[in-house]
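Report on the structure given below.
Chain A is the first sequence line, chain B the second, and so forth, proteins listed ahead of strands; every chain is numbered from 1. All values below come from the heavy atoms of this structure, side chains included, with hydrogens, waters and symmetry mates left out.
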Amino acid sequence: MQNQIIADIFSRFADVLEFKGELGFKINAYRKAARVLSELDEDIEKIWKEKRLEQVPGIGRGLAEKIDAYLSTGQIPQFEKAMLNVPGDLFKLLSIQNYGPKTAALAYKELAVGTLEDLKSALDSGELAKLPGMGEKKVENIRKGLDLLQTSESRISIGLALPLVDGIVEFLKKDKNVKKITAAGSVRRFRETVHDVDILAAAENGAELIQKFSRMPEVSQVLGAGETKGSVVLQDRYQVDLRVVKPDSFGAAQQYFTGSKAHNVRLREIAKKQGYKINEYGIFKGDQKLGGGREEDIYSLLDMQWIPPELREDRGEIEAALSNRIPRLVEREDIRADLHIHSNYSDGHLTLVDMARTVASMGYSYMCFCDHSKAARYANGLDEKRLLKQIEEIKKLNEQLERFTILAGCEVDILPDGSLDFDDSILAQLDFVVASIHLAFKTDPTQRTLAAIHNRYVDVIGHPTGRLLSRREGFEIQMDAVIKAAAQTGTALEVNSYWDRLDLSDLNVKNAVNKDVKICINTDAHAREHLPMMALGVGTARRGWAGKKDVINTMTVEELKQWQKRNRA
DNA sequence: GCCGTTTTCGGCCCGACTGTTTTCAGTCG
């Protein structure tokens with residue numbers, strides 16, 4: 001798929017246009033096309049061959065011609081030409097806070113600032129300060145922006161951002177001035193990684209609260225602090241923004257600051273057509289404020305369903321809400337079991353009984369131990385003998401339990417030749433089987449996964465793409481083929497909730513659910529503290545439009561056993 | 001650049017904060 005490559009080209013071209021001072025609308029057109037392309041589930045090359053490019057939203061005649069040029073010759077002449085007179089490091093330079101396209105263009109023209117090193121020299125020598133419109137503070141802010149770029153995390157995993165938000169919310173909640181407070185932005189939408197953390201509060205005295213916020217002990221830098229908006233850096237790494245509004249605007253502000261930007265733009269266009277105006281203070285007709293205290297006010301006045309935050313990405317949710325087709329998404333409370341949990345039989349930290357007790361205390365009605373198989377030597381994987389011993393121990397534990405069931409399963413390795421690490425005669429003795437790739441990532445992961453899907457005992461493919469958000473791309477696996485095969489056999493695909501995995505991703509979930517493939521949301525917990533990450537997996541599944549019926553671990557244990565018969569019979 | 005039950009031309013979301021201004025431009029979300 002060349003979709004992402006072309007999306008990146010358009011996105012870079014938008015930067016170039018911005019640097020050259022082109023019209024904002026044109027720049028937006030490129031950015032929108034880049035976003036649509038990167039989220040498209042169909043191969044752009046196929047669409048191109050079938051001459052359907054202009055049917056893709058955001059692609060018109062001009063961009064279709066550029067895609068055509070790229071796919072036939074590997075080049076876009078306009079882009080090559082436009083690249084000639086821009087700084088080599090333009091894309092890095094533009095990512096510096098407080099150093100926008102206008103300033104970058106001026107510094108390039110006057111001082112030939114083309115790289116991060118050039119910029120640092122121009123700052124140190126005082127040359128930058130001599131440019132028109134530059135003052136002492138502006139220069140200082142650019143220096144801060146450059147420092148921040150080099151020290152801060154560019155994107156934080158949702159698994160790290162959520163606890164950060166919770167901590168700040170708890171701290172600010174103690175202020176009597178605060179009427180309401182909540183996460184907003186991409187954290188509320190449960191994006192897998194976030195650029196910064198947004199918090200929204202309702203209070204009468206905004207300036208006072210923002211002062212308190214900017215003086216929190218973890219704050220290492222204050223980027224701004226006004227009456228409604230404060231922005232700080234925590235521990236030199238994480239940017240956190242706080243917005244404060246009056247209580248009667250809280251709902252409108254929640255809508256506004258939850259985004260996404262693309263979602264909001266669409267919503268405001270619709271509002272405008274209907275004669276309304278939306279901003280962070282409310283929804284208005286003329287000078288009259290019609291609502292804003294509750295987020296539902298906005299959507300209902302526009303004659304559409306309220307949209308869960310996880311769907312607000314302009315991926316079809318607005319059309320669905322206008323025609324009453326927003327699905328009832330899976331919720332954390334729907335999850336009856338965690339079906340991929342490790343014990344100290346392999347590389348988990350707890351004994352079977354200790355882990356089972358903890359899982360049971362979380363309100364689940366059953367669970368499954370899935371320890372590693374023997375090929376996973378680094379993880380103390382189980383051979384046949386130890387696996388059978390574990391099955392026996394689980395049987396005995398079940399005899400002592402009421403109203404909670406432990407399933408005996410395994411996370412069996414998919415070997416480089418596509419076979420599984422245990423024979424079918426062993427797998428047949430298990431209650432539940434997750435099959436995963438842990439080694440030889442470059443050895444034909446697609447064919448190996450397909451082979452595992454076709455094994456009658458495999459219930460779920462574990463972390464199907466193998467990605468680690470902070471460390472590595474997934475292996476090169478053809479998800480469309482995997483989804484198609486899973487649809488045929490009824491095999492489920494895992495949403496692994498571990499903060500660094502979130503695998504499947506939201507878009508892959510959406511594609512799978514569209515093809516009626518079942519999802520299994522698991523924590524892959526190796527320790528007690530991993531269990532609450534179920535919320536991250538549920539958030540990811542919701543972003544993929546998954547409903548309760550799409551998720552197998554919302555079933556009762558009896559229903560699950562019935563479901564397994566589709567293959568095993 | 002895209003797009004069209006107001007339009008094939010003329011629209012294209014809306015506001016806060018900062019700094020350097022003396023009424024506003026640049027940046028950001």
Side-chain angles (χ1 to χ4, degrees), chain A residues 10-11 13-14 16-36 53-67 76 78-79 82 94-107 129 131-142 144-145 148 184-186 194-200 206-207 210 214 222-231 239-245 249 252-253 255-284 298 314:
Chain A
F10 282 176
S11 169
F13 197 50
V16 172
L17 292 174
E18 197 168 22
F19 176 77
K20 299 205 163 177
E22 276 278 357
L23 215 57
F25 304 115
K26 191 168 169 179
I27 298 163
N28 279 342
Y30 275 93
R31 290 210 201 287
K32 184 183 176 187
R35 180 177 63 81
V36 169
L53 283 176
E54 288 186 48
Q55 288 171 28
V56 177
I59 307 288
R61 216 169 108 192
L63 289 181
E65 275 171 13
K66 291 183 178 67
I67 295 173
I76 302 174
Q78 291 95 327
F79 186 61
L94 287 184
S95 67
I96 299 170
Q97 289 242 11
N98 308 310
Y99 193 71
K102 295 284 196 296
T103 316
L106 185 67
L131 293 178
M134 281 292 159
E136 200 179 318
K137 287 193 170 175
K138 239 177 180 175
V139 169
E140 210 35 52
N141 283 336
I142 292 169
K144 281 184 189 172
L148 191 64
S186 43
V194 302
H195 177 254
D196 56 15
V197 164
D198 296 299
I199 295 172
L200 173 69
I210 285 164
S214 59
V222 179
L223 301 171
E227 295 192 354
T228 69
K229 183 181 168 184
S231 187
Q239 186 176 332
V240 184
D241 295 340
L242 173 68
R243 304 290 301 233
V244 185
V245 296
S249 294
Q255 196 292 311
Y256 192 92
F257 294 117
T258 295
S260 69
K261 191 170 179 173
H263 174 90
N264 284 358
V265 167
R266 288 289 314 281
L267 207 65
R268 276 171 257 154
E269 278 170 7
I270 289 171
K272 200 169 178 177
K273 274 180 194 154
Q274 297 183 14
Y276 298 105
K277 187 180 79 165
I278 308 175
N279 58 26
E280 58 263 61
Y281 303 112
I283 177 162
F284 301 85
I298 313 289
D314 189 25

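Across dG15(B), dT27(B), dG29(B), the shortest atom-to-atom separation from the side chain of Lys102(A) is found for dT27(B). Closest contact between the side chain of Glu280(A) and the listed nucleotides dA16(B), dT27(B), dG1(B) involves dA16(B). The side chain of Leu63(A) lies closest to dG1(B) when the candidates are dG29(B), dG1(B), dG15(B).
Looking only at distances, a side-chain donor or acceptor of Asn98(A) sits under 3.5 Å from a matching main-chain atom of Asn141(A). The closest donor-acceptor contact from the side chain of Asn264(A) to the backbone of Tyr256(A) lies under 3.5 Å.
Among pairs with a residue in residues 23-36 of chain A, those fulfilling side-chain hydrogen bond (donor to acceptor under 3.5 Å, both in side chains) read Asp15(A)-Arg31(A), Glu18(A)-Arg31(A), Arg35(A)-Asp314(A), at least two apart in sequence or across chains.
Comparing Asn279(A) and Phe257(A) by the nucleotide of DNA chain B whose heavy atom lies nearest to each, the residue mapping closer to the 5' end is Asn279(A). Toward the 5' end of DNA chain B, the nearer of the two residues Pro101(A) and Lys277(A), judged by each one's closest nucleotide, is Lys277(A).
Residues passing the ring pair (Phe, Tyr, Trp, His ring centres under 6.0 Å) test with Phe79(A) are Phe13(A), sequence neighbours excluded. Taking Arg243(A) as the reference, nothing meets the side chain to side chain donor-acceptor pair (under 3.5 Å) condition, with sequence neighbours excluded. For Asp241(A), the side chain to side chain donor-acceptor pair (under 3.5 Å) partners are Ser231(A), Gln239(A), not counting sequence neighbours. Considering only residues two or more places apart in sequence or on other chains, Ala207(A) meets the side-chain contact (heavy atoms from CB on, under 4.5 Å) condition with Asn205(A), Glu227(A). Qualifying side-chain contact (heavy atoms from CB on, under 4.5 Å) partners for Glu140(A), counting only residues two or more places apart in sequence or in other chains: Arg143(A). Contacts of Lys272(A) classified as side-chain contact (heavy atoms from CB on, under 4.5 Å), with partners at least two apart in sequence or in another chain: none.
Nucleotides dT22(B) and dG29(B) are separated by 28 Å at their C1' atoms, to the nearest Å. With both ends at atom C1', the span from dT21(B) to dG26(B) equals 12 Å, rounded to whole Å. Comparing dG11(B) with dT7(B), their C1' atoms sit 8 Å apart, to the nearest whole Å. Between dT20(B) and dC28(B), the distance separating the two P atoms is 16 Å to the nearest Å. Across the C1' atoms, dC17(B) and dC12(B) are found 25 Å apart, a figure rounded to whole Å.
Shortest non-hydrogen contact noted between Leu94(A) and Ala104(A) is CD2-CB, 4.1 Å.
If you check every strand for non-hydrogen atoms under 4.0 Å, Ile59(A) touches sugar and phosphate atoms only. Nucleic acid contact class of Arg61(A) (heavy atoms, under 4.0 Å, all strands): sugar-phosphate only. The residue Ser231(A) sits apart from the nucleic acid: no heavy atom pair falls under 4.0 Å. Note on Ile278(A): only backbone sugar-phosphate atoms sit closer than 4.0 angstrom, heavy atoms only; bases stay farther off.
Rounded to a whole Å, the CZ atom of Phe284(A) is 12 Å from the C1' atom of dG15(B). Rounded to whole angstrom, the span from the CD atom of Glu18(A) across to the P atom of dG29(B) amounts to 12 Å. Atom CG in Leu131(A) sits roughly 19 Å away from atom P in dA25(B) (whole-Å rounding). Look at CD1 on Ile27(A): it is 16 Å from P on dG29(B), rounded to the nearest Å. Rounded to an integer number of Å, the gap from CG of Asp196(A) to C1' of dC28(B) is 10 Å. Taking atom CG of Leu53(A) as the reference point, atom C1' of dG1(B) lies 15 Å away to the nearest angstrom. dC2(B) atom P lies 12 Å from atom CZ of Phe13(A), rounded to whole Å. Leu148(A) has its CG atom 17 Å from the P atom of dT27(B), to the nearest Å.
One cannot find a donor-acceptor pair under 3.5 Å joining the base of dG26(B) and the side-chain atoms of Tyr99(A).
Searching all strands for a Watson-Crick or G-U wobble partner of dT8(B) with both distances below 3.5 Å returns nothing.
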Check nucleotides 17-19 of chain B against the protein and report each pair of N or O atoms closer than 3.5 Å, with its distance, or say if there are none.
residue: dC17(B); atom: OP1; partner: Glu227(A); partner atom: N; Å: 3.2
residue: dC17(B); atom: OP1; partner: Thr228(A); partner atom: N; Å: 2.7
residue: dC17(B); atom: OP1; partner: Thr228(A); partner atom: OG1; Å: 2.8
residue: dC17(B); atom: OP1; partner: Lys229(A); partner atom: N; Å: 3.0
residue: dT18(B); atom: OP1; partner: Ala225(A); partner atom: N; Å: 3.0
residue: dG19(B); atom: OP1; partner: Asn141(A); partner atom: ND2; Å: 3.3

Could you list all N or O pairs between the protein and nucleotides 5-12 of chain B that sit under 3.5 Å apart?
residue: dC12(B); atom: OP1; partner: Lys272(A); partner atom: NZ; Å: 2.5

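Asn98(A) has no side-chain polar atom (N or O) that falls below the 4.0 Å cut-off from OP1 or OP2 of dT27(B). Taking side-chain N and O atoms only, Tyr281(A) has a distance below 4.0 Å to OP1 or OP2 of dA16(B).
A 6.0 Å sphere centred on NZ of Lys137(A) holds no more than 12 heavy atoms belonging to other residues, nucleotides or ligands.
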